[in-house]
Amino acid sequence: MHRTGVWQSAILTRAEHGTSTGQALSGAGWLDVHFEACRPEYEEMLRFVGVPPGARALDAGCGSGGYLSLLAEIVGPAGSVYALDLAPENVALVEERRVSGDLPGLAEVREGTLTGLPYEDDSFDALWCANVTQYFGGAEFETVLREFRRVVRPGGIVAVKDVDVALARLYPADPFLFPHLCERSLQADPEDAHARGSLRGRELRRWLEGAGFREVRQRTVMIERWAPLQPAERRFFGDWLSHLAGLAEERGVPEEDLAAWRSLRDPGSPDHPLDRPDAYACEGQVVAVGRVPEGSEAGAS
Ligand SMILES: C[S@@+](CC[C@H](N)C(=O)[O-])C[C@H]1O[C@@H](n2cnc3c(N)ncnc32)[C@H](O)[C@@H]1O
C-alpha cells in the first residue's frame, strides 16, 4: 500500500508541494494524500473510461502511481500497464513500489515528457492522463494531444482527467472566494499556464474534439466532503487550501477575501474552518474520453 503516513501537514510553500521540475502539487507525498482522500470518485472516473480487458495501457504523468493498481486490475492478466512521468523522483518511487510488489501488473515506468513521448506510433490501446494537463498552456496542450493520438493505435482510447478549480467551494466561506482567486491569478499573469490550465477541466471535451478524437464524452464529478472529515480528507483539503491561501496573498485577491484566506493558511490551526461541525469542502474534477480515428475517419481530421 502507499505510504501516506510520511506526509506531515504544515504551512506549505510551492516548493514543498512540488518536485525537482518546479511544478506545484506534483510531489509524491502530496499526491498520495490527494488520491486517498478522493479515491472513490477518482476510481469511478477511471472506470468510466472503459479501458477494455487485455489492453496495453499507458498512465501518462503517473505521479506516485495512485491509479496504477486499478488500471492493472481493469486490463487484467492479459493486458499490460506502462507508466511515464517527468519528475525523476516520482519515477524512482514508482519503480521502487513496482519492485517491492506494491504495484502488481505494472510492466515498466519511464522518465519522459508528454510533449515528446518516448514511444513508437500506435504503441498502446488506451492512455490515461490524470491531473497533468493543468500544467500546460494552450499550444503545449495541443502538442500533447497530438502525441496522445500518435502513440495510441487507431480505434484506441484516450482519457484526460483534470481539475476545474472554479468548481471548488468551502463552507462556511464566501462563495466567490475561489472565483476571485482564479480571476486574480489570470489578471496577475495572463501567461500563467497553471492558472489557466486549472480552469480548463470543463473544456476538455472540446479540446479532444478539436484534436480529432471521435465519440468524445465527458463527465464532471464533484468531490464533496462534510464534517467530520476523515484524516486523509482533512489533510488533503487542509494542505490544498493552505497552498491556495499562499497564492491568494501573492496574487492580491480582494481585501475583503484576505481574512478568510489567512484563516486557511495554517492547516494545523486550532480554529481551522475545516474543523467546524458544519464544514463542507468540494473540488470539481472532469474526465473526457475519446477514440483515436481509424481508417477513412483519420484522413478527415
Ligand atoms: C498533479 S500530478 C498527478 C499525478 C497522477 N496522475 C495523479 O493523478 O495522481 C502531475 C504529474 O504530472 C507530471 N508531469 C508534469 N508535466 C509533465 C510532462 N510534461 N510530462 C510528463 N509528466 C509530467 C508531474 O511530474 C507529476 O507527477
Side-chain angles (χ1 to χ4, degrees), residues 2-4 7 12 14-46 48-49 57-71 81-97 102-103 106 109-119 126-148 150-151 158-165 193-198 200-201 204 221 223 232 236 239-240 243-244 283 285-287:
H2 292 172
R3 299 165 300 169
T4 52
W7 184 245
L12 296 160
R14 296 169 89 175
E16 283 163 343
H17 275 89
T19 58
S20 57
T21 65
Q23 288 170 339
L25 307 178
S26 59
W30 156 262
L31 293 176
D32 282 351
V33 171
H34 186 170
F35 187 80
E36 208 45 51
C38 306
R39 182 186 282 274
E41 290 89 349
Y42 282 8
E43 292 196 341
E44 182 196 328
M45 292 176 94
L46 176 51
F48 170 78
V49 175
L58 174 68
D59 184 347
C62 61
S64 58
Y67 290 94
L68 292 170
S69 298
L70 179 58
L71 195 52
V81 173
Y82 293 78
L84 171 131
D85 202 274
L86 183 67
E89 60 270 47
N90 286 353
V91 172
L93 176 66
V94 169
E95 174 63 5
E96 195 184 309
R97 288 174 170 175
D102 275 356
L103 294 172
L106 176 63
V109 57
R110 204 182 271 198
E111 192 180 316
T113 177
L114 272 53
T115 52
L117 285 166
Y119 304 104
L127 181 151
W128 167 253
C129 178
N131 292 39
V132 188
T133 61
Q134 61 187 262
Y135 296 99
F136 303 133
E140 220 176 358
F141 188 34
E142 280 175 9
T143 303
V144 165
L145 288 173
R146 270 198 302 277
E147 279 295 275
F148 288 176
R150 180 183 69 75
V151 301
V158 168
V160 180
K161 164 193 176 284
D162 225 312
V163 70
D164 191 322
V165 77
H194 197 197
R196 183 67 197 85
S198 302
R200 198 188 284 123
L204 287 173
V221 174
I223 289 101
F236 160 58
D239 289 346
W240 188 46
H243 170 74
L244 295 180
E283 74 150 358
Q285 291 274 341
V286 185
V287 56

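Counting starts at 1 for both ligands and their atoms, in listed order.
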Contact with ligand 1 for Thr115, non-hydrogen, under 4.0 angstrom
no
Could you say whether the N/O atoms of Asn131 and ligand 1 ever approach to under 3.5 Å?
no
Those atoms of ligand 1 less than 4.0 Å from some heavy atom in Ala87:
25 (O)
For the residue pair Phe141 and Gln134, establish whether any side-chain heavy-atom pair is separated by less than 4.5 Å.
no
Taking distance alone, with N or O pairs closer than 3.5 Å, would you say Phe136 contacts ligand 1?
no
Of Val287, Val221, Leu204, Thr133, the residue whose pairing with Lys161 passes side chain to side chain contact (heavy atoms under 4.5 Å, CB included):
Val287
Do Val165 and Trp240 have side chains that get closer than 4.5 Å, going by heavy atoms?
yes
Dump the intermediate steps for side-chain contact (heavy atoms from CB on, under 4.5 Å) on Leu106 and Arg97, then the final yes or no.
CA-CA 10 Å; Leu106 176 63; Arg97 288 174 170 175; over 6 Å; no
At under 4.0 Å between heavy atoms, what of Thr113 touches ligand 1? The answer is both
Among Leu114, Thr143, Leu93, Asp85, which one puts a heavy atom closest to atom 26 (C) of ligand 1?
Asp85
Between Ser64 and Leu93, which heavy-atom pair has the shortest distance, and what is it?
CB-CD2, 4.0 Å
For Ser64 and ligand 1, answer yes if some heavy atom of the residue is under 4.0 Å from a ligand atom, otherwise no.
no
If we only count N/O pairs under 3.5 Å, is Leu86 in contact with ligand 1?
yes
For residues Gln285 and Glu41, determine if any side-chain heavy atom of one lies less than 4.5 Å from a side-chain heavy atom of the other.
no
Would you mind running through ligand 1 and noting each atom that sits below 4.0 Å from a heavy atom of Gly61?
4 (C), 5 (C), 6 (N), 22 (N)
One finds that the ligand 1 atoms under 4.0 Å from a non-hydrogen atom of Gly112 are 20 (N), 21 (C)
Does the side-chain contact (heavy atoms from CB on, under 4.5 Å) test come out yes or no for Phe136 and Arg196, once each step is laid out?
CA-CA 8 Å; Phe136 303 133; Arg196 183 67 197 85; over 6 Å; no
Please examine the side chains of Arg150 and Leu117, heavy atoms only from C-beta on, and report whether any two atoms are closer than 4.5 Å.
yes
May I ask whether Cys62 has any heavy atom positioned less than 4.0 angstrom from an atom of ligand 1?
yes
Of all the heavy-atom pairs spanning Asn131 and Tyr42, show the shortest one and how long it is.
ND2-OH, 4.3 Å
Options Tyr67, Phe35, Tyr135, Trp30, ranked by nearest heavy atom to atom 7 (C) of ligand 1, top entry:
Tyr67
Mind checking whether Leu31 contacts ligand 1 via backbone (N, CA, C, O), side chain (CB onward), both or neither, at a 4.0 Å heavy-atom cut-off?
side chain
